Amino acid sequence: MMSLVTLSNVSKSYRDPGSQIRVPVLHDVSLTLEPGESVAVVGPSGCGKSTLLNIIGTLDAPDSGEYLLEGENVAGCTAARLAELRSRKIGFIFQLHHLMPQCTVLENVLLPTLALKVSALEVRECAEALLEQVGLKDRLSWRPGQLSGGERQRVAVVRALINQPRLILADEPTGALDERNAEALTSLLLELQKTTGVSLVLVTHHPAQAARMSRVLRIHEGRLQ
């Protein structure tokens with residue numbers, strides 16, 4: 001079976017705006033992610049976790065090394081092709097939910113489908129089914145300001161899944177939640193990961209959450225350990 005994600009000797013640095021010196025962030029990182037796998041990425045703040053997630057999500061490009069997404073060399077893709085890959089194959093969940101305050105719960109979930117040629121009726125039915133699965137059946141017409149923090153993150157999870165991606169990238173999705181809601185959201189992510197077959201990469205500072213994934217990757221000073 002072809003790996004979903006293959007990174008080979010990936011390095012990344014950024015230019016310090018004050019000194020114009022290149023600051024290394026990732027050093028010679030190689031990893032594979034298989035279909036249906038759940039992986040935690042852990043490490044201290046500033047070690048390169050989010051940078052790694054941004055590269056996997058095609059939001060950033062490495063300085064060197066190779067990235068294959070289902071066998072396709074991402075470095076050779078145009079901006080339009082990268083946007084298509086993100087729309088069709090990758091779902092994102094961030095610490096802040098980034099919901100549109102003027103839109104209802106259902107409208108927020110359906111936003112990623114606007115760029116794709118899909119049946120409006122089918123995606124609405126899918127959205128309603130997923131929202132029911134995460135306990136938000138009665139919140140379809142509510143706006144984000146009427147929801148709790150945990151409910152808003154559940155909407156963000158459904159929005160990430162609406163285009164039936166192959167990969168979910170979650171960057172500290174429980175960071176703004178209390179312990180009870182954080183535990184509930186982690187359980188929900190794992191339940192949906194198993195029922196949909198999507199691969200999950202979770203960046204977290206919480207050892208208990210990391211331990212629930214099938215594999216844990218540790219980054220220290222930009223190197224994968």
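Just so you know, these numbers use all the heavy atoms, side chains as well, and skip hydrogens, waters and symmetry mates. Because the structure is predicted, anything quoted here is derived from the model rather than measured. One-based numbering along the sequence shown.
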[X]: what forms a side-chain hydrogen bond (donor to acceptor under 3.5 Å, both in side chains) with it, not counting sequence neighbours?
X     : value
Ser87 : none
Thr32 : none
Asn73 : none

Report summary line: side chain to side chain contact (heavy atoms under 4.5 Å, CB included) with Leu161: of Val134, Leu189, Ile168, only one passes, and it is Ile168
Atom [atom1] of [X] and atom [atom2] of [Y]: how far apart are they, to the nearest 0.5 Å?
X      : Y      : atom1 : atom2 : value
Arg154 : Gln133 : CZ    : CD    : 12.0 Å
Glu191 : Ser187 : CD    : OG    : 8.5 Å
Leu200 : Lys194 : CG    : NZ    : 11.0 Å

Requested in this report: Please list all pairs passing the ring-ring contact (aromatic ring centres under 6.0 Å, His included) test where one or both residues lie in residues 97-141, with sequence neighbours left out.
Outcome: Phe94-His98
Could you tell me if [Y] and [X] have a donor-acceptor pair between their side chains, going purely by distance under 3.5 Å?
X      : Y     : result
Ser214 : Ser38 : yes
Ser199 : Glu34 : no
Asp28  : Ser11 : no

Can you give me every donor-acceptor pair (side chain of residues 51-61, partner residue at least two apart or in another chain, under 3.5 Å) with its distance?
from, atom 1, to, atom 2, distance (Å)
Asn54, ND2, Ser50, O, 3.4
Thr58, OG1, Arg86, NH1, 2.9
Asp60, OD1, Lys12, NZ, 3.3
Asp60, OD2, Tyr14, OH, 2.4

Validation: residues 218-225 side-chain donor-acceptor distances under 3.5 Å, sequence neighbours left out:
none

Requested in this report: State plainly whether one hydrophobic cluster holds both Leu185 and Val42, where clusters connect Ile, Leu, Val, Met, Phe, Trp and Tyr through side-chain heavy atoms under 4.5 angstrom apart.
Outcome: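 As far as the 4.5 Å side-chain criterion goes, Val42 and Leu185 are not connected within one cluster.
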